[in-house]
Every structure is written in structure tokens, then in C-alpha cells.
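Here is the naming used below: chain letters follow the sequence lines, and residue numbers restart at 1 for every chain.
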Number of protein chains: 2
Amino acid sequence: MPLVTVEVVLLTAGERDLLVYLRKRREAPFESVLSLPGGPVRIGESTEEAAQRVLETRTNLQGLYLQQLYTFSDPGRDPRGHSLSVAYYALFPTTHQRPNADPLEDAWVPLRAAIKRDLAFDHAGILEASLKRLQGRLNYTSDAYYLLPERFTVPQLQHVHELVLGSSLKPDVFTKRVRDTLKRHLTRETAPSNGAGRPARLYRNPVASGHASLATVGGAP
Amino acid sequence: MPLVTVEVVLLTAGERDLLVYLRKRREAPFESVLSLPGGPVRIGESTEEAAQRVLETRTNLQGLYLQQLYTFSDPGRDPRGHSLSVAYYALFPTTHQRPNADPLEDAWVPLRAAIKRDLAFDHAGILEASLKRLQGRLNYTSDAYYLLPERFTVPQLQHVHELVLGSSLKPDVFTKRVRDTLKRHLTRETAPSNGAGRPARLYRNPVASGHASLATVGGAP
DNA sequence: ACAAAAGTGTTGAGAGTACACCCATGC
DNA sequence: GCATGGGTGTACTCTCAACACTTTTGT
């Protein structure tokens, strides 16, 4: 029987690209190579529970939005022997500060750069599949909102879309596309001005309930 | 470690609904209950290879179009113990006759009826997920063509779309939607008349290469 | 006042729908 | 010829992109 593991692609919105959480492996094979957080699935737990457990162990984050991506089962993907990985992607909102335990151990890496790097196992391929899936789901799911804080502006939402698509969008066109669906969530507040220009209006995040929470303090970070 | 298996949702186009291939279980649990063809994944084979092997063992069909659906891992899904199933759906064109070994052992069941039945394990849920996925992919993939023979007509293609969507489409609207993409594959032949009305024009199937082939004769069929 | 960014109103092109009409076959 | 179903052409609608314009802030 192949060994069953999960891998988690933890993503958040950075300045110029999506950022993916990677950690430096301590064990062979691929010692000191960057890899996705992951681990074996235990008896009696679903793969989704395993993914949540891995996330909490590595980053102290609980209850993140998870989406099953694909199951990778090429017998050659792990040099130690046949292992099968159920990959999930997790979306971390820009609400809180990003957890980052030890700069020598883990890192937030720009996604497109990470895909081109030499990562452990087939993890570069898993990142590529995550990006493609996210791009495909962008316009008919709420995925983008899981990358935004509890209050956000249209320009912020546009920025997330641009990060996912990897191209820039025209502000007026984008605004029109989302105005109708968003107006239900308009607040009377405006965002603090960011130096120049008119401040944007704030919207309530429609998926705020599913947002991240830091686990009870006591863990590593 | 959970046990790793594959399940295959083998679908084809029937008269009034999609048909799914189910077989009557011989073993406990769920003895003599209808279930999806499936089986354990062997060391050294990918889940896709395992799915192909299961298909060939059960139906003598080789090289069918397969699509990974989802991985089901609820620890309670198998009463014997924790097992994880990677589900695939397979599309069987209406080219050849449908294989059907023993009417007491296996059957082609209308999909929507099957979803409502009491099937073994969580197989009804797997069927439901297959239908939803197929519906979502219908308009931006070639899935529909994998259900059609090597030569097909626009009304046949429309019929497949109607089966997947579960609703009827207007012939003129549908024709316009597919005409441009299809005209590259128009042949000079026309279909034999089906009793009344003008015969439809035949098109070459754009995905005919990926079609089914019966394995070397010698098995059960 | 001016620059910068947010937000709005108007126009025009393209996709998709409805409707009407023409074509090829069996009886 | 007529019924039946396949195929096409035309007008209408609705969405979406482009462009021009107004609003609100910081300097």
C-alpha cells in the first residue's frame, strides 16, 4: 500500500505576487531544500483534518479556508518509496501579520518564482496546479475574498485578482464588474488615505466568518 | 495508515439519462448492494493506472478517458475501517455496444435514479459529485465529445448536453453556439435518416484518438 | 490650486436569444 | 404534398469594455 500524506499550499497576497509558505526540510531526502508543509494522514482522520493539523503544527493557524486541489500519486514522486499525496491549498487573509517562526526554517516566497525553483519532490508541480486552479475559480467562487481582511476596498479586491491572474486590470472596468454583487456589503466607512488620492470605500467581507484565527498562544511563533 | 483505493464512475449516454455502470457486491459489507467498480491501489502504480486496471478487469475496456474527480477520506465511509478513495470518472462513447457481462452482476443504471438509491459506502455521494463536475466542465472542456462516437451530428451533441444538464435546449440556439467551433470538423457525409425529417450532417469527433477500445478478445465481456 | 486615485455616466461592440423562414427526407 | 426534423438568416437584448468625466483626498 502506498503511504498517504497531505501537502498544504498556504497562500497569501503579497505586494507583487502571491506568496507561498515554504519550509526548509531538515531530513533527507532533499535536506535543506524548500518544501511544502505536509505529513502523513493518521488513522481516523480525514485528509482535510490532517491538512488543518499540519497547518496548525507548522504555523499555529487554525480554521483556514481549505480547498482540495488534486491527489498526486506518481509512484516515482518520492525516492524513498511509493507515496500518495492529497494536496490542499489554504488561503490566508491579510488580516493579521503573517506568521513566520524562524527565517532560517520557513519563508514566504513569491509564487511564480517558487514554481521555477528546485523544490523538494513534485512540489513545484503542486504549486503550478494550485495557481491554475485558483485562476480558474477566481470568477465563480469566493476564493479571492479569503485572501482579503474583514474590511476591504475595491482596489484591494482588484489587486488580489491581478495577483492571481498575473496581469493588470482596468480600474473602471473592474469596479463595474463587482459593484452589483458588492453593494450589499458596502459600509459607511472609508479606508484611511494611502498618501495620495481619494480614499476608497470599505466593504464588509462576505466570507469573514471563515477567516483565520491564531491558535491559543503557547505554540512556537 | 488508511487503506488506499480507487473508485471509477463509468458513464455513458443513454436515451433519457446518463447511465452509470454499477455492479452488485458479492462480499460483506453491503453484500448484493449496487456499488461502483473499485479496488485497492497497488504499490508502484499511480491511481490513474489503478483506475484503468479496475476498468479493464470489470468491463474489458481499455484506454478510456479518465478524469480525477475528488478524494474521499471520511474515516467513517467504510465500516470495516478507515479507507481513502481517489474517485475518477470515465466516459464511454456510444461507439460500440456497451459491455455488460452478467445481468445479475452488473448493470447500467440511469444516473439520477442511481444517486437517489441506496448504494454501497458513500458511492451515491460520489455519483452526485461526478454529475456536478461534469456539468461544470461541460462548456469549457471536451468532455461531451468523449461520450460521442467517432462521427456525430449536432443533434447528438445537443442530446449529450441535455443529458448532462438535465434540461432541454433549443435546437437553433444550440446549433449557433457550437457551429463555429465545429465547422473545422464538418464532413461531407450525412447521417442516415432516422425515420422522419432531414438527415443531420456528420462531424468528425475532435477527440476520437482518446476513444475506447475493447481489450484483446479472451476476457469475459 | 494641483496631482493622484476613487468612483460614475455614456457609448459602442459582441455574444447570445427569439423568431421566422428555408431545406431534405419518409410516407 | 405534407409532416417531421435539420439548418440558416435577421432583429433584438444584454453584458462588458472604452472613454470621458466628477469626487475626494494630500501637498
Open item on the list: Please report the interatomic distance OH(B:Y146) to CD(B:Q67), rounded to the nearest 0.5 Å.
Closed with: 9.0 Å
Open item on the list: So if I take residues 156-169 of chain A and measure heavy-atom distances to DNA chain C, which residues fall below 4.0 Å?
Closed with: none
Open item on the list: Side chains of B:S73 and A:S46 only: does a donor on one sit below 3.5 Å from an acceptor on the other?
Closed with: no
Open item on the list: At 4.0 Å (heavy atoms only), tell me whether B:P171 reaches a base, stays on the sugar-phosphate, or touches nothing.
Closed with: nothing
Open item on the list: Strictly below 4.0 Å: does B:R177 bring a side-chain N or O up to OP1 or OP2 of C:dG16?
Closed with: no
TODO: Figure out the CG/P separation between A:L186 and C:dG7, and round it to whole Å.
DONE: 9 Å
Open item on the list: To check you understand the geometry: which heavy-atom pair defines the closest contact between A:F92 and A:L61, and what is its length?
Closed with: CE1-CD2, 3.5 Å
Pick out the pairs of N or O atoms, protein on one side and nucleotides 19-27 of chain D on the other, that lie under 3.5 Å.
| unit_1 | atom_1 | unit_2 | atom_2 | d |
| --- | --- | --- | --- | --- |
| D:dC19 | N4 | A:D172 | OD2 | 2.5 |
| D:dT23 | O2 | A:R198 | NH1 | 2.9 |
| D:dT24 | O2 | A:R198 | N | 3.4 |
| D:dG26 | O4' | A:G195 | O | 3.2 |
| D:dG26 | O3' | A:G195 | O | 3.2 |

Open item on the list: Using a 3.5 Å distance criterion without hydrogens, assess whether the side chain of A:Q52 forms a donor-acceptor pair with backbone atoms of A:L64.
Closed with: yes
TODO: Provide the closest heavy-atom pair for B:D118 versus B:V33 in the form atom of the first, atom of the second, distance.
DONE: O-CG1, 3.6 Å
TODO: In whole angstrom, give the distance that lies between atom NZ of B:K183 and atom C1' of D:dG7.
DONE: 15 Å
Task: Distance below 4.0 Å between B:R179 side-chain N/O and D:dG7 OP1 or OP2 - done: no
Task: Between C:dA24 (P) and B:R201 (CZ): distance, integer Å - done: 10 Å
TODO: Decide yes or no for A:P37 and A:E7: does some side-chain heavy atom of the first lie under 4.5 Å from some side-chain heavy atom of the second?
DONE: no
- [ ] Figure out the CG/C1' separation between B:N139 and C:dA15, and round it to whole Å.
- [x] 14 Å
TODO: Would you indicate whether the side-chain heavy atoms of B:L84 and B:F72 approach each other to under 4.5 Å?
DONE: no
Task: Other residues, nucleotides, ligands: >12 heavy atoms within 6.0 Å of B:R117 CZ - done: no
